[in-house]
Amino acid sequence: MMNTPRTDPESGFRLGHWRVEPSRNAIFRDDEEIHLENRLMQTLVFLAKNQGQVVKREQFFDVVWKGLVVNEEALSRAISLLRNTLGDSAQAPRFIKTVPGVGYSLIAKISALENDKVEQAGKAVTRQAHRTNKRRYIGGLLFMVLVITLVLVNRYARNPGDIGPPEIAKTTAQSESSVAVLPFVNMSSDPEQEYFADGITEEILNLLAGVANLRVPARTSSFFFKGKDVPVSQIGRVLDVSHVLEGSVRKSGDRIRITAQLIDANSDKHLWSETYDRNIEDVFSIQDEVASAIATSLVNSFHGLESRPVSRASSMATFEAYRTGRLLWWRRSPEDLTRAIELFNRAIEHDPGFAPAYAAVGDSWLLLVLYGKVQIIKGVDAARPMIEKALQLDPDSAEALAARGLMRLMIGEKDQAERDLRHAIDLDQDYIPAYAWLSSLLSDLGRAPEQAAVLQEALAIDPLNKILTNNYASNLMSRGDAEGAKELVQSLLRLQPEFPTLLIQLSEIQLNNGELFEAWRSATRAHEQAPENTMAILALAKAWIEVGAYGEAETVMKQGLTHSPGNVNIKLQYLQLLNIQKRVDEAQALKDNLFPEDISERHRFPPEL
């Protein structure tokens, strides 16, 4: 039998320096206010009701997750998030203690709020006045740079004729040794050569990114300006660079013409330009010459490009297949990922010793699992030998190590996953997928402050990356700042209004805020853009459930299961609906057949990888 303290936690209580108000789903400390997701607050209140007692895991499930089917990871994650929010530690607990193999105990004393009503009344006006400026984790320099970036681009998107100097003071000085590589324009008559032009751009960008003492924004941010008539000075301010490289590519038969020019972003002065008219097989030497010329112009200490023979394609056919595949890979739809795998395999046929193509096949199979088309056991079985082959060919391949880290994350080998992902970043500090996957791992482990640091580092390299921004919004949510997360996602949506993953994230934030109609509308837009995307299906089904439209929710999930009949996440959401409707026999039948292939399917993976 559990003991109930005299204080009624449902009415609020004081926990150390924290004032807990369940009715507002918020905790307070001095002028700081942090909002908790409803189930986190329920977990904290349940612990408070049994302060000093050991609460078994099963009791949490019966009370906090009543009627839902969840695994122990959901409870572990909730406890980790509470500890991070309260400033607690599992190793030296001051609030929540783990009782191994049993459950958790609230070891800190709690007290009633009646004694501090006068104090709180006196602080109310002050807290209201300072609330906007005291939002937790928003005041960091990186976040300000990101918001300023979005504001500048939004200004241009709304009114291209009214750019002008930004009225917001810059928070960082432009680095003299910095250059943004814009997508080279395809001047060929064949629009299919667009991929070829983009591939050349990305190769030059990667070469320059490897030059010491030269800062180069990553591809996603530079490629944001593809097809947009934005002044060079504006691009320089948005990406915080002092120089911009632009150019064009014309391919005709076995001949290629590449024109490149380096521009001073502040004065719009052309500092260097060159035209290369050569045989198509000379494209690699042209890329080297362009990168060397830019590096020589901008970096005094430059003494030549590093030789990276293993990571470079040996033929034009290999280059075209691999680079086109990677461009499709970034789109993340099941169709694009399937097509990318075909192209990566074609690259391997042309060059069986090309390690990056094997790694790309591997991580594409893993992403197909996450985006709903493939069951995990099939995806991992397909990915593992390709990743192992890539590492056999090139043990220092950042792409292969990151892919192995993602695979280990998915099958629950989290310590090994973290080692691989951090090693990948050490080898290539510009490889953005490794940051994204590491941030997802840290989120999974409940290490929100570390996740924020990783995302901030990545966003400094790639400030307009939608996936990183989305993950950072999730991080803000986990830290109790739903308003900051919403502002960030909406800023990026103004640049690309129909990007499904951002709409899914916005829907989740709106549900958390109780904005049910807005959440349904965002989820509907996401589903319209990507009807086979697992996360869009789940977001719309969840929104329908929250508004009580169970029939519509069931229809959406059944449609999703016709596209992906083995998808565990949709089945779990469907099981929740059956439980809510008390359809006991159907729920039991689904539960009995939920994991037919592999127990590791029980892991529920983060959407933004």
Side-chain angles (χ1 to χ4, degrees), residues 1-66 74-100 102-131 133-137 446 448-449 477-483 512 514:
M1 180 72 65
M2 294 189 175
N3 298 329
T4 303
R6 293 180 181 176
T7 302
D8 178 15
E10 296 281 3
S11 302
F13 57 95
R14 185 168 282 282
L15 178 65
H17 294 299
W18 293 100
R19 174 186 174 90
V20 181
E21 296 190 17
S23 63
R24 299 171 64 179
N25 270 351
I27 63 175
F28 304 87
R29 181 174 61 182
D30 297 326
D31 295 331
E32 183 177 24
E33 174 183 346
I34 300 177
H35 289 269
L36 297 183
E37 189 270 331
N38 185 52
R39 219 169 296 280
L40 284 184
M41 180 59 78
Q42 290 181 44
T43 303
L44 181 57
V45 169
F46 190 47
L47 281 167
K49 286 182 175 180
N50 300 282
Q51 187 273 331
Q53 306 297 311
V54 177
V55 183
K56 296 180 180 179
R57 291 185 176 90
E58 295 78 9
Q59 293 168 316
F60 282 105
F61 297 142
D62 290 343
V63 174
V64 179
W65 284 273
K66 185 177 182 180
L75 174 58
S76 299
R77 181 175 174 79
I79 296 295
S80 294
L81 289 171
L82 281 175
R83 281 176 171 150
N84 280 325
T85 303
L86 296 169
D88 200 11
S89 163
Q91 291 72 33
R94 294 183 298 115
F95 296 101
I96 302 172
K97 178 182 178 180
T98 300
V99 181
V102 182
Y104 302 93
S105 175
L106 184 69
I107 57 176
K109 300 289 186 183
I110 67 172
S111 59
L113 294 179
E114 283 79 3
N115 296 333
D116 58 340
K117 282 184 177 177
V118 174
E119 174 190 350
Q120 292 306 315
K123 289 184 176 180
V125 175
T126 304
R127 182 166 61 239
Q128 182 64 34
H130 289 86
R131 187 168 294 154
N133 296 324
K134 297 298 255 183
R135 293 282 175 194
R136 202 172 192 186
Y137 305 109
M477 284 282 291
S478 73
R479 293 171 168 229
D481 192 356
E483 185 177 325
N512 185 74

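These numbers come from the heavy atoms of this one structure, side chains and all, not from hydrogens, waters or symmetry mates.
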Val45 and Pro22: which non-hydrogen atoms are nearest, and at how many Å?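 Shortest heavy-atom separation between Val45 and Pro22 comes out as CG2-CG, 3.7 Å.
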
Grab the two heavy atoms, one from Gln42 and one from Val64, that are nearest each other, plus how far apart they are.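 In terms of heavy atoms, the two residues are closest at OE1-O, 3.6 Å.
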
Please confirm whether the backbone N or O of Gly16 pairs with a side-chain atom of Arg29, one donor and one acceptor, at under 3.5 Å? no

Roughly how far apart are [X] [atom1] and [Y] [atom2], rounded to 0.5 Å?
| X | Y | atom1 | atom2 | value |
| --- | --- | --- | --- | --- |
| Tyr104 | Thr43 | OH | OG1 | 10.5 Å |
| Gln59 | Leu47 | CD | CG | 10.5 Å |
| Asn25 | Arg39 | CG | CZ | 11.0 Å |
| Met477 | Glu483 | CE | CD | 12.5 Å |
| Arg19 | Phe13 | CZ | CZ | 11.5 Å |
| Met41 | Phe46 | CE | CZ | 16.0 Å |

Would you say that [X] contacts [Y] through its side chain, given a criterion of any heavy-atom pair below 4.5 Å between the two side chains?
| X | Y | answer |
| --- | --- | --- |
| Leu15 | Leu86 | yes |
| Arg479 | Ile34 | no |
| Thr98 | Arg83 | yes |

Check each of Leu106, Asp88, Leu44, Ile27 against Leu82 using the side chain to side chain contact (heavy atoms under 4.5 Å, CB included) test, and report the only one that passes. Leu44

